[in-house]
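Have a look at the structure below before the remarks.
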Amino acid sequence: MNILIINTGSSSLKYQLFDMEAATVITGGVVERIGESEGILTHKTFDSGDVQKNIITRPIPDHQAAMHLVADQITQGIDAVGHRVVQGGESFKAATLITPEVKKAIEANNPLAPLHNPPNLIGIRVAEELFPGKPQVAVFDTNFHQTIPEKAYLYALPYSYYTDHRIRKYGFHGTSHKYVARETARLMGKRPEEVNLITLHLGNGCSISAVKGGECRDTSMGMTPLAGVMMGTRCGDLDPAIFGYLMDNTGLTQSELDEVLNKQSGLKGICGKNDLRDIHDQAAKGDKNAALAVDMFAYQIKKYIGAYAAVLGRVDALVFTAGVGENDEIVRAKALDGLDFLGIDIDEAVNNVRNPEAHTIHTADSRVQVWVVPTDEERQIAIETQAVLDKS
Ligand code: AMP
């Protein structure tokens, strides 16, 4: 069965075509700068180790045009389409076959994810036109976090804000947390139900989850992806009174402040850069704020590890994933420094060696295993799409 995975962002569209029997990616790519004067499609075809790349630049006015351009590149048959949808709210506990009712429910969640759900829905509608009669499945970023208990997902606000306005923690990056949790259990030779994990998705966006016996029990992002540890450009957890204080004292409007918290804060806010490769270079040249940004980031990660160790009671493994988690040995070492009292001990020499494959970096004496596992959200969406089709 060939499953096409579609992941539409606000100005981009990523796609991959999986051959599920062979467990391989046949073709895939990304459309960027949708809606700008010049759009760009990068299309790759994988053929037994060889990669053929085709780049097309032309104006791509909207997601509909982007989807048509993608469909023109794919010469292989498509049996089903799996869509990444960011916000499933409480309506969706698991991946689901898309029906008219499901589309309405996704639309009802638009206010909770105004930048993400609308393009996700466009992707679904255009895919239905392009591949008529082929089953379409929605896999939500929030699915994996729906097992978080009420005491952990509620904010201590008037309860009616939850019932009337749906204010609660939803969590994000769920597909990535689920993928690496399953994969790590498999690599440990265990079933997901047998292990307690802290999964650390550290990329430009960052989230950390406590996963007990295969189920998510808490996660650092909140009602929106702004909460939790500081990120490339996002502030993470703040004293909520700061927002009103800044509105009163800076003259910035709500939307301008929103922009500051989302795009001008985090690592970038502290040292002017958001890519850790640049930040480490700057720090090595003596830039104090660059070193401070790394220290703050590692400290916040460490605090979440401590908190989630308490939530889980027993931790079998930590799992680092995404751009920073997979590649940045400095952040990993700093975040784990001094955690030997929790039974976490990494081998610095192994940690310092780049390895694109899933691998461990703990010492032989470490009670807790420490894994670096490349994430693969598209593959997880394909796996879940197939599972929905197998059941239907
Ligand atoms: P992601 O959002 O998962 O694509 O991660 C993007 C981020 O990963 C970048 O902004 C970098 O900060 C970080 N990153 C990627 N590659 C490396 C690397 N080789 N060393 C350190 N950080 C990296």
Side-chain angles (χ1 to χ4, degrees), residues 5 7-16 28-32 42 44 84 86 115-116 141 171-181 183 199-209 219-221 225-236 262-285 287 289-298 300-301 319-336 346 348 350-359 361 371-381:
I5 302 305
N7 179 354
T8 40
S10 48
S11 64
S12 69
L13 189 161
K14 290 190 217 151
Y15 61 97
Q16 278 190 11
V30 58
V31 187
E32 293 166 290
T42 310
K44 290 181 188 165
R84 174 195 181 206
V86 167
L115 295 180
H116 293 98
D141 278 20
F172 298 89
H173 293 141
T175 311
S176 174
H177 287 285
K178 186 169 180 180
Y179 177 80
V180 296
E183 189 62 5
T199 49
L200 301 105
H201 178 111
L202 307 175
N204 219 350
C206 298
S207 64
I208 301 178
S209 292
T219 194
S220 60
M221 280 180 169
L226 190 55
V229 280
M230 63 192 280
M231 312 178 202
T233 62
R234 286 175 244 168
C235 59
N262 274 289
K263 304 216 170 118
Q264 305 298 335
S265 299
L267 296 164
K268 188 175 182 192
I270 300 299
C271 71
K273 305 244 184 249
N274 61 292
D275 191 307
L276 274 152
R277 289 164 286 199
D278 299 335
I279 296 172
H280 293 314
D281 284 351
Q282 290 289 112
K285 286 183 197 142
D287 180 334
N289 276 35
L292 173 65
V294 177
D295 280 348
M296 287 173 66
F297 185 46
Q300 296 190 13
I301 296 167
V319 190
F320 285 91
T321 194
V324 180
E326 290 167 33
N327 296 299
D328 196 322
E329 65 281 359
I330 300 173
V331 167
R332 288 194 303 250
K334 269 186 182 287
L336 301 183
I346 59 162
E348 295 277 347
V350 179
N351 182 45
N352 287 341
V353 178
R354 289 278 161 89
N355 178 351
E357 304 292 326
H359 62 284
I361 55 170
W371 284 84
V372 176
V373 178
T375 193
D376 195 340
E377 291 168 278
E378 278 78 15
R379 189 173 295 274
Q380 183 64 29
I381 296 172

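Numbering of ligands and ligand atoms starts at 1, following listing order. Just so it is clear, the structure is predicted and the values come from calculations on it, not from any experiment.
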Can you tell if the side chain of Glu329 reaches within under 4.5 Å of the side chain of Arg354, non-hydrogen atoms only? yes

Run through Ile301, Val319, Val180 and flag the one making a side-chain contact (heavy atoms from CB on, under 4.5 Å) with Leu200. Ile301

Give the single entry among Glu326, Glu329, Arg277 that approaches atom 15 (C) of ligand 1 most closely by any heavy atom. Arg277

For a 4.5 angstrom cut-off between non-hydrogen side-chain atoms, does Ser176 reach Thr321? yes

Taking the side chain as every heavy atom from C-beta outward, state whether Asp376 and Glu183 have any atom pair closer than 4.5 Å. no

For Val324, take its heavy atoms, then give the atoms of ligand 1 lying under 4.0 Å from any of them. 8 (O), 12 (O), 13 (C)

Compare every heavy atom of Val331 with every heavy atom of Ala298, then report the nearest pair and how far apart it is. CB-O, 4.4 Å

Return the closest protein heavy atom for atom 10 (O) of ligand 1 as residue, atom name and distance. Asp275 OD2, 3.7 Å

Quick one: nearest non-hydrogen protein atom to atom 18 (C) of ligand 1, plus distance? Asn327 CB, 3.3 Å

Under 4.0 Å, heavy atoms only, figure out whether ligand 1 is touched by the backbone of Arg354, its side chain, both or neither. side chain

Could you list the atoms of ligand 1 found under 4.0 angstrom from a heavy atom of Gly203? 1 (P), 2 (O), 3 (O), 5 (O)

Enumerated ligand 1 atoms positioned under 4.0 Å from heavy atoms of Asp328: 21 (C)

State whether any protein heavy atom lies less than 4.0 Å from atom 5 (O) of ligand 1. yes

Polar contacts were defined as any N/O atom of the residue lying under 3.5 Å from an N/O atom of the ligand; does this apply to Asn204 and ligand 1? yes

Which atoms form the tightest heavy-atom contact between Val30 and Tyr15, and what is the distance? N-CE2, 3.6 Å

Could you say whether the N/O atoms of Gly323 and ligand 1 ever approach to under 3.5 Å? yes

Please report the shortest heavy-atom distance between Ala290 and Ala283, naming the atom on each side. CB-N, 3.6 Å

Quick one, Met296 and Leu267 - any side-chain contact, counting heavy atoms below 4.5 Å? no

For the 3.5 Å polar cut-off, considering only N or O atoms, please tell me whether Leu276 and ligand 1 meet it. yes

